Amino acid sequence: MISIFLGAPGTGKGTQAKRFVQSRGWPQLSTGDMFREAIKNETPVGKEAKHYLDNGELVPDEVTVGIVRDRVKRDDCQNGFILDGFPRTIAQAEALKILLTDMNRSLDSVVLFEVPDEQIVKRLSGRRVCQSCGAVFHVEFSPSKKEGVCDACGSQLIQRKDDQVDVIAKRLEVYKKQTSPLIDFYKKEGLLRIVDASKSADAVYEEVSKVLQS
Ligand code: AMP
């Protein structure tokens, strides 16, 4: 099973992908996570990507396709995987097609997560993440027991730089301009499945599960 989780930032793609890692064992290939890891480890890719992430812009296609190409070849991708946050441009989608064809594989579905913009801003601006274990909280919807402290490991919670209101606006603009053309691209390929991702995480999980089985 190879599926793309497509949608604006803050629509819950990553949260849902993590649930499928647990329930089905399909790895979550999140390019955003890969870039954040590379930045933390100060690798050459991380050094190149940092400026783009901080400003809510897209990392150039060659760099992004390069990290996905390396990742899908790993053993844990044999039984399928979920692409979370990739592709984000038509050029990346074309590159993915070639990559999968070379591997004798094909896409099964593209799940589009739909959430109104106002809700996205609320979700992202209230998000807090643990610097140490990556656990995710929300100041209003799922607060940690002690403010600013991770329930799971006791480390400090931070707000991602790109979750600040001005950068969120930029990310939404980038999504509309560069990523939303993928909706038509995959509609034409007959792969697009739309999910109302404004519902609760459990309800969205049910809906995505049904879509992936259909
Ligand atoms: P995310 O965690 O998916 O919201 O991604 C965070 C940031 O990583 C984005 O705002 C981009 O700067 C970068 N990024 C993630 N995925 C891609 C991609 N497919 N193409 C280009 N840049 C990406």
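For ligands, and for the atoms within them, numbers begin at 1 and follow the listed sequence. Numbering of residues begins at 1 and proceeds along the displayed sequence. All of these numbers come straight from a predicted model, not from anything done at the bench.
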Which residue holds the protein heavy atom closest to [atom], what is that atom called, and what is the gap in Å?
atom                    : answer
atom 23 (C) of ligand 1 : Phe35 CE1, 3.8 Å
atom 8 (O) of ligand 1  : Leu53 CG, 3.4 Å
atom 4 (O) of ligand 1  : Arg171 NH2, 3.0 Å

What part of [X], side chain, backbone, both or neither, has a heavy atom within less than 4.0 angstrom of ligand 1?
X      : result
Leu58  : both
Gln92  : side chain
Arg160 : side chain

Query raised in the report: Does some non-hydrogen atom of Arg36 fall short of 4.0 Å from ligand 1?
Result: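 Yes; Arg36 lies near enough to ligand 1 that a heavy-atom distance drops under 4.0 Å.
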Query raised in the report: Is ligand 1 less than 4.0 angstrom away from at least one heavy atom of Lys50?
Result: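 Judged by the 4.0 Å heavy-atom criterion, Lys50 does not count as contacting ligand 1.
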Under 3.5 Å, is there a donor-acceptor pair linking the side chains of [X] and [Y]?
X      : Y      : result
Tyr205 : Ser23  : yes
Thr64  : Thr31  : no
Ser144 : Asp151 : no

Report summary line: Between Leu29 and the options Val72, Ile4, Ile82, the side chain to side chain contact (heavy atoms under 4.5 Å, CB included) test singles out Val72
Query - Pairing residues for Glu189 by the side chain to side chain donor-acceptor pair (under 3.5 Å) criterion, not counting sequence neighbours - result: Lys97
Query - Heavy-atom neighbours of Lys199 NZ exceed 12 at 6.0 Å - result: yes
Query raised in the report: Within a reach of under 6.0 Å around CG of Asp184, are more than 12 heavy atoms found that belong to other residues, nucleotides or ligands?
Result: yes
Query raised in the report: Which pairs with one or both residues in residues 90-146 pass ring pair (Phe, Tyr, Trp, His ring centres under 6.0 Å), sequence neighbours excluded?
Result: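 Residue pairs passing ring pair (Phe, Tyr, Trp, His ring centres under 6.0 Å), neighbours aside: Phe5-Phe113, His138-Phe141.
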Sub-3.5 Å N/O-N/O distance, [X] and ligand 1:
X      : answer
Val59  : yes
Arg88  : yes
Asp162 : no
Gly85  : yes

Report task. Heavy-atom contacts with Glu57 under 4.0 Å: which atoms of ligand 1 show up? List them by number with element. Result -> 11 (C), 12 (O)
Query raised in the report: Against heavy atoms of Thr64, which atoms of ligand 1 measure under 4.0 Å?
Result: 18 (C), 19 (N), 20 (N), 21 (C)
Query - Gln119 (side chain) donor-acceptor with Ser198 (main chain) under 3.5 angstrom - result: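 Here the side-chain-to-backbone pair exists.
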